[in-house]
Amino acid sequence: MPQSKRGVPFSGKRKKEQLQAKRQQKNQQNLQGSTSKKSDTHSQIKTDTETGIVLNLDTVSIHEQKKDLRNKYVLKFQTETKEELEKRKKESFEPVIPQPDNDLERGCDEFFPESISFPKRPSWEPNDDESAFDAKENRYFFEYCKSAIESTSFFDLNLETWRQLWRVTEKADILFVIVDIRFASVHFPPALYRYIVNELEKKMILVLNKIDLVPSSVVAAWKDYFSSEFPGISVVYFTSLPAYNLANPTASRMKGAKIRGSIKMAAEGALRVYQECEKIVEGKVDLSTWKELIMQQLKSDFVEELESIVSLEPESPQTQRKELYSDRILTIGAIGHPNVGKSSVLNALTGRKVVSVSKTPGHTKHFQTVNLTNTVKLLDCPGLVFPSKAPKNLQVLAGCYPISQLREPYSAIRFMAEHINIPSRLHLIHQSNEIEWSPYDICDAWAVKCGFRTRKGGKSDVYRAANKLLRAHLGGALGLYLRPPNYTSEQDHWQRHPLISEIEEIQALGERITEFNKEISEEESNEESDVNSDDEKMSEKVMQVENKYAALELDD
């Protein structure tokens, strides 16, 4: 048997030189690849960057990317300057000034003036081949970003994600625009409404999602607002997770208690979505199979196992509009900002977990197709942030900006503290024994209560505490939400609105859900009498929370 070659000693110095050589070689390859095909476009980018435009290749994906690149559709935003971050960090030590309730009344015109549009796909010319049209899209998108980036707030700077939106709007017969009702005016761009309804001449259904996280009177007011301000669209309520109101009160909502029965309960909203689609289609497509699927969900047991059995296949690029209801198939496209619950709505419409979901903005990474029935097809578009005037703190609270990448969370905490008495609600103790609270003081007190300490020095980890408060808000634990204009002055009217009972039924707060809770509790109590129960089994009980903030007082 041949003897192996004896190992040669390899010093740390030689290893370091080897790594440096590899790094230099990799940088040279990246530089050559970025100037290979679109040299003209890249020289324009370089010239514009030198003139002072805050735009570079790290923030805008202009160059051609490999098809197997993992972060091809990742959210990309303009980089904040150190001066802006330091200014906001200094402001975090200033006291919070409470604001009146009507300060939360924000309409769409405040965040989306008529002068603000969004990137649209350039028109296809007969003499354009694939490479020429790709270059045209790159040039157009760069010019748009260069002109809009200084006059708008943060918006998605990834061209590949916008291409997914263009494909969905071209292929779909009906467009679902899904918004989180807590920040409905932040999530609904009127320019998208005008583009779909007027230019594409397609029907739009506005889905007010997560209505179980706001009072029913606010839901009724938002529906009236959108129906009157944007004629021609259908507005439906939806909650992809009504079991927020049925979470176990003995488990901390900050940790995320296990919730059961969400698909079954969301079938109420799915039925209303089907009814709106049936009105629009007018018998041109057979939707009977879809209706039978929803009725089976309504008649099925309360608790339902979720299985991923529907295959998802990415679509090939398409640049031409198709005829409505081609091949007698209804194609529905789902559009919306990140973290509004698009994938959760599709799961509820199908009655099964067909699309993965996450609280992280931008979890859906690519264009996905779900065959609901033989005649109904759903398109799930990655979430992307439209250009707007919405301030950064509101974008964070609305779920548009990933909290994990947030470099300065205190301005968002300030907006929350201005409208919610966080210290009183969380029973915080001021660490300096002062009366006034600043955003930093709130995070410091919450860090002490949660036991968050830095590894170096053992100081209070205020950044981690702020991160947890923002995540608790996104989960609906703190109860912050915007109202439509004039809601406070007309609150009595909306509280007596005829639609309140219908809304509460979808919110899973009615008597029917209470009966389900009793049945589930009795079944689980019978099971516990036969088997020794442990803490994990107790945490899976479905019970109704009387005070949804009580769980915040529990330790992690």
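Counting only distance, with no hydrogens or angles, the side chain of R425 and the backbone of I420 share no donor-acceptor pair below 3.5 Å. Without hydrogens or angle criteria, T375 side chain to L287 main chain gives no donor-acceptor distance under 3.5 Å. The main-chain N or O of A466 is never found under 3.5 Å from a side-chain atom of Y410 such that the two would form a donor-acceptor pair. Side chain of R483 to backbone of D101: no donor-acceptor contact under 3.5 angstrom is found. Using a distance-only test at 3.5 Å, with no hydrogens or angles considered, no donor-acceptor pair links the side chain of N371 to the main chain of T373. Listed for the K342 side chain is no donor-acceptor partner under 3.5 Å among the backbone atoms of V179. Of the possible donor and acceptor atoms, none in the side chain of E276 sits under 3.5 Å from a partner among the backbone N and O of K279. Panel note: side chain N209, backbone V340; a donor-acceptor pair is recorded below 3.5 Å. Of the possible polar contacts, one joining the H187 side chain to the A398 backbone as a donor-acceptor pair under 3.5 Å is found. A donor-acceptor contact shorter than 3.5 Å links the side chain of H473 to the backbone of L397.
Proximity of F226 to C108: side-chain heavy atoms (C-beta onward) are separated by under 4.5 Å at one or more points. Contact check for M204 versus S234: no side-chain heavy atoms found under the 4.5 Å cut-off. In this structure, C400 and F183 have side chains that are not in contact, with every pair of non-hydrogen atoms separated by 4.5 Å or more. Side-chain contact between L175 and K202 is present, with heavy atoms from C-beta onward closer than 4.5 Å. Between W290 and C277 the shortest side-chain heavy-atom distance falls below 4.5 Å. Residues L378 and T331 fail the side-chain proximity criterion, which asks for heavy atoms closer than 4.5 Å. Using a 4.5 Å heavy-atom cutoff, the side chains of I116 and T152 are in contact. Using a 4.5 Å heavy-atom threshold, the side chains of E105 and L482 count as separate.
We find the CG-SG distance between L379 and C381 to be 9.0 Å, quoted to the nearest 0.5 Å. Atom CG of D224 and atom CD of E229 lie 9.5 Å apart (nearest 0.5 Å). In this structure, L293 CG and L372 CG are separated by 6.0 Å, a value rounded to the nearest 0.5 Å. Annotation: the span from Q395 atom CD to F154 atom CZ amounts to 7.5 Å, rounded to 0.5 Å. Considering CD1 of I174 and CD1 of I332, their distance stands at 5.5 Å, rounded to 0.5 Å. Between atom CG of residue L470 and atom NZ of residue K468 there is a gap of 12.5 Å, rounded to the nearest 0.5 Å.
For F386 and W162, the ring centers are positioned less than 6.0 Å apart. Ring pair F188/F111: centre-to-centre distance not below 6.0 Å.
Here the shortest heavy-atom pairing between R182 and L474 reads NH2-O, 3.1 Å. Contact between H337 and L384 at its shortest, heavy atoms only, is CD2-O, 3.2 Å. Across V376 and I329, no two heavy atoms sit closer than the pair N-CG2, 4.5 Å. When all heavy atoms of L480 and H419 are compared, the pair lying nearest together is CD1-CB, 4.0 Å. Annotation for G333 and A172: closest pair N-CB, 3.6 Å, computed over non-hydrogen atoms. L213 approaches G475 most closely through the heavy-atom pair CD2-O, 4.4 Å.
Considering V168, V273, V236, I335 as possible partners of F176, the one that fulfils the side-chain contact (heavy atoms from CB on, under 4.5 Å) test is V273.
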Determine, stepwise, if the pair I422 / M416 fulfils side chain to side chain contact (heavy atoms under 4.5 Å, CB included).
-> CA-CA 8 Å; I422 298 179; M416 291 171 55; 3.9 Å; yes
Are I442 and L469 close enough, and set up right, to give a side chain to side chain contact (heavy atoms under 4.5 Å, CB included), and what steps lead you there?
-> CA-CA 10 Å; I442 294 174; L469 284 175; 4.1 Å; yes
What's the verdict on side chain to side chain contact (heavy atoms under 4.5 Å, CB included) for Y193 and L206, showing C-alpha distance, side-chain angles and the deciding distance?
-> CA-CA 10 Å; Y193 157 78; L206 176 62; over 6 Å; no
Would T289 and N374 count as a side chain to side chain contact (heavy atoms under 4.5 Å, CB included) if you check the C-alpha gap in whole Å, the side-chain angles of each, and the deciding distance to 0.1 Å?
-> CA-CA 8 Å; T289 307; N374 293 332; over 6 Å; no
Salt bridge (Lys or Arg N to Asp or Glu O under 4.0 Å) evaluation trace for K392 with E408 | CA-CA 10 Å; K392 173 75 174 294; E408 185 280 310; over 6 Å; no
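Salt-bridge check for E502 with R272: passed, with a basic side-chain N closer than 4.0 Å to an acidic carboxylate O. The pair E170-R121 counts as a salt bridge, with a side-chain nitrogen and a carboxylate oxygen less than 4.0 angstrom apart.
Atom NZ of K223 has more than 12 heavy atoms from other residues, nucleotides or ligands within 6.0 Å. More than 12 heavy-atom neighbours from other residues, nucleotides or ligands sit within 6.0 angstrom of CG on D103. Within 6.0 Å of CD in E490 there are more than 12 heavy atoms belonging to other residues, nucleotides or ligands.
Taking the six-membered ring where the residue is Trp, Y225 and W222 present perpendicular rings, their angle passing 60° and hence far from 30°.
The side-chain tip of K291 does not point at the ring of Y274 from less than 6.0 angstrom away and within 45° of straight on.
In this model, no donor atom of one side chain and acceptor atom of the other lie less than 3.5 Å apart for Q491 and S217. A donor-acceptor contact closer than 3.5 angstrom is absent between the side chains of E110 and S185. Defined by atom type and a distance below 3.5 Å, a donor-acceptor pair is missing between the side-chain atoms of Q405 and Y401.
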